[in-house]
There are 2 protein chains.
Amino acid sequence: MNDSLILIIEDEQALRENISEIIAHYGFRVISAPAGEEGIQMALEHTPDIIICDIMLPGIDGFDVFSRIKQIPQLPPTAFIFLTAKSTRADTRTGMNMGADDYLTKPFTKEELINSIKARLEKLSEINGYQSKQDASIEVTFDKITNLTKAERRVLNQIAEGFTTPQIAQKLFVSKKTIENHRVNISRKLDLSGPNSLISFALRLKVQKPGNQFLNDLASISTH
Amino acid sequence: MNDSLILIIEDEQALRENISEIIAHYGFRVISAPAGEEGIQMALEHTPDIIICDIMLPGIDGFDVFSRIKQIPQLPPTAFIFLTAKSTRADTRTGMNMGADDYLTKPFTKEELINSIKARLEKLSEINGYQSKQDASIEVTFDKITNLTKAERRVLNQIAEGFTTPQIAQKLFVSKKTIENHRVNISRKLDLSGPNSLISFALRLKVQKPGNQFLNDLASISTH
DNA sequence: TTTGCAATGAGTGGATCCACTCATTTTTAT
DNA sequence: ATAAAAATGAGTGGATCCACTCATTGCAAA
């Protein structure tokens with residue numbers, strides 16, 4: 001259901017397998033490496049969406065792994081999460097100041113791990129979905145849109161970003177069926193019918209002039 | 001040297017002025033607001049690069065501020081840093097899991113603050129650099145349109161106008177099969193794949209290149 | 001606590017889009 | 001005039017979208 005790829009770089013075998021198991025159980029694809037050099041190699045080959053990395057590793061440490069991966073221009077934006085027993089404030093600040101996206105200290109619960117992953121995936125999709133502001137002169141009536149519920153606006157926002165039903169389902173962590181239901185309800189409330197009418201509407205909506213009241217509401221409600 | 005703009009949202013006046021002073025001293029531009037609503041308003045008006053926000057605020061709290069600011073499509077990618085006395089692990093995880101970029105607990109040193117800001121600015125510039133490459137790839141796709149034949153451009157224009165295959169077939173006095181064949185050929189020449197990718201491209205082309213010469217030619221061809 | 005709405009998910013059926021291949025006719029170019 | 005390219009049309013299969021209905025869960029307001 002969710003084909004995001006997570007790379008684990010962790011020395012201790014039991015913990016590495018445990019983490020992989022947790023992540024896989026939540027529907028993500030996962031690969032792992034026991035040391036930094038191999039981790040960097042795997043990152044290059046598989047271009048994971050998220051790298052979760054311990055700091056104390058045999059050979060090069062987690063900080064080195066991060067700096068070396070950061071300098072690889074071929075890699076798309078990748079979230080980097082430190083997962084380590086080094087839990088002092090100084091350790092945390094060092095990791096974050098290097099540019100890490102999150103810093104989890106051991107011991108951690110599986111909920112903390114998964115929530116961190118989900119938050120960073122959301123962040124990545126926001127970045128990828130971001131489009132520069134464009135002015136256009138298309139007249140759209142917003143009267144009916146106020147009837148949409150939160151989930152429906154969230155879906156409409158994703159449609160406007162150009163995503164298809166399977167992609168939206170993956171991004172919002174719900175099933176394709178739910179997205180389809182939302183699409184139908186949106187179409188009904190907006191008096192739309194026929195193929196492509198919804199995406200057509202959404203895309204035209206997207207290029208409305210900045211400062212638009214509905215788009216502000218849409219954005220403010222669209223997560224959590 | 002550095003014209004990055006930082007927005008501070010902090011209730012306590014002394015702390016707010018202190019933070020502003022520190023940041024200004026390091027060469028950044030800084031604006032501030034004492035409460036959430038005003039902070040959101042300032043973010044919309046000034047589009048800061050980084051927002052530093054307390055959690056305990058009068059009126060709406062910092063989490064609400066973040067949710068509402070997070071996905072405003074008019075705003076470019078903005079780093080969001082929580083700066084708060086709420087320092088338990090649960091508090092930290094809540095903030096990070098909402099998608100914040102960093103979470104600093106009081107009391108903090110000015111070095112910690114500045115380093116956090118610098119790290120997030122670095123991150124932003126990486127993202128923007130990558131973003132511009134993606135924009136360039138759109139230009140490449142746009143150039144490929146010149147390879148399209150007359151009939152294909154005619155069909156593409158109709159797609160951009162929002163018509164479906166049966167409607168286009170009727171307008172151009174050919175069969176639906178012919179239109180479908182043209183659509184496939186267009187998609188292939190433009191390296192498009194997946195559902196809605198063609199209409200999505202056509203609509204974006206129409207609104208993103210309003211005064212484009214090709215689109216004018218294309219429109220004149222399709223009418224006769 | 002109960003009622004109602006929102007959100008999620010499943011099932012079914014039809015229409016459309018997408019991606020191949022193949023064939024015939026017309027236009028264009030050498 | 002002959003070859004190449006374009007335009008038209010058909011067949012097939014798969015994936016997605018659209019439009020219904022129905023059921024379960026969760027949350028929030030009455």
Side-chain angles (χ1 to χ4, degrees), chain A residues 1-3 26-27 118 144-203 217-218 220-224, chain B residues 64 67 144-204 218 221-222 224:
Chain A
M1 201 54 209
N2 196 311
D3 63 347
Y26 279 85
K118 286 185 176 179
K144 303 157 187 168
I145 302 178
T146 47
N147 297 332
L148 297 183
T149 68
K150 291 177 187 175
E152 286 163 357
R153 291 175 196 218
R154 192 160 52 225
V155 171
L156 179 58
N157 198 25
Q158 292 298 310
I159 296 173
E161 297 294 336
F163 295 107
T164 65
T165 292
Q167 290 173 324
I168 298 171
Q170 175 189 334
K171 285 187 62 175
L172 302 184
F173 304 104
V174 295
S175 78
K176 288 186 290 185
K177 271 298 166 191
T178 297
I179 303 300
E180 284 187 2
N181 287 336
H182 286 318
R183 292 183 86 129
V184 170
N185 293 331
I186 294 170
S187 294
R188 182 154 42 200
K189 289 182 180 176
L190 266 48
D191 286 328
L192 298 174
S193 71
N196 288 329
S197 60
L198 183 50
I199 186 170
S200 178
F201 172 83
L203 284 172
D217 295 344
L218 186 73
S220 67
I221 297 172
S222 55
T223 34
H224 292 97
Chain B
D64 291 332
S67 315
K144 292 178 183 173
I145 299 176
T146 32
N147 296 334
L148 298 182
T149 67
K150 288 178 189 174
E152 286 163 356
R153 280 181 293 198
R154 196 157 50 223
V155 170
L156 178 58
N157 187 44
Q158 293 297 310
I159 295 172
E161 295 296 331
F163 295 108
T164 65
T165 292
Q167 291 173 324
I168 298 172
Q170 184 182 349
K171 285 190 66 171
L172 301 184
F173 303 104
V174 294
S175 79
K176 289 186 291 184
K177 270 299 166 193
T178 298
I179 303 301
E180 285 186 4
N181 287 336
H182 285 319
R183 292 183 86 127
V184 170
N185 292 331
I186 295 170
S187 294
R188 182 153 39 201
K189 288 184 180 177
L190 266 47
D191 287 328
L192 297 175
S193 72
N196 288 328
S197 61
L198 183 51
I199 184 167
S200 179
F201 171 83
L203 282 172
R204 290 173 192 276
L218 198 133
I221 292 172
S222 65
H224 75 278

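Quick note on labels: first sequence line is chain A, next is B, and so on, each numbered from 1. Being a predicted model, the structure only gives us computed values, none of them experimental.
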In the 5'-to-3' direction, what one-character label does each nucleotide of nucleotides 5-14 of chain C receive under the scheme B = base within less than 4.0 Å of a protein heavy atom, S = sugar-phosphate only, - = no such atom? -SSBBBBB--
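- Here Lys177(A) pairs with Glu180(A) in a salt bridge; the nearest charged N to carboxylate O distance falls below 4.0 Å.
- Here dC20(D) presents its P atom at 15 Å from CD1 of Ile186(A), a figure rounded to the nearest Å.
- For Thr165(A), no side-chain nitrogen or oxygen approaches OP1 or OP2 of dT16(D) to under 4.0 Å.
- Look at CD1 on Ile159(A): it is 15 Å from P on dT16(D), rounded to the nearest Å.
- Summarising the geometry, the separation between CZ on Phe201(B) and P on dC17(C) is reported as 18 Å, rounded to the nearest angstrom.
- Between Leu198(A) atom CG and dA15(C) atom C1' the separation is 16 Å, expressed in whole Å.
- For the pair Arg183(B) CZ and dT8(D) C1', the interatomic distance rounds to 17 Å; values are reported in whole Å.
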With side-chain hydrogen bond (donor to acceptor under 3.5 Å, both in side chains) as the criterion, how do Arg188(B) and Asn185(B) come out once you've worked through the C-alpha distance, each side chain's angles and the decisive distance to 0.1 Å? CA-CA 5 Å; Arg188(B) 182 153 39 201; Asn185(B) 292 331; 3.3 Å; yes
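- Regarding Arg188(B), its CZ atom lies at a distance of 9 Å from the P atom of dA19(C), rounded to whole Å.
- Of the candidates Lys176(A), His182(A), Arg183(A), Thr165(A) forms a side chain to side chain donor-acceptor pair (under 3.5 Å) with just one, namely Arg183(A).
- Residue Asn196(A) contributes atom CG, which lies 8 Å from atom C1' of dC17(C) at whole-angstrom precision.
- We find that CD of Gln167(A) is positioned 16 Å from P of dA15(D), with the value rounded to whole Å.
- Of all nucleotides listed (dC18(C), dC17(C), dC17(D)), dC17(D) comes nearest to the side chain of Pro166(A).
- Nearest heavy-atom pair, Ser187(B) versus Leu198(B), reported as atom, atom and distance to 0.1 Å: OG-CD2, 3.9 Å.
- The shortest heavy-atom contact between Ile199(A) and Ser200(B) is CD1-CB, 4.4 Å.
- The closest side-chain heavy-atom distance from Thr149(B) to Lys189(B) is below 4.5 Å.
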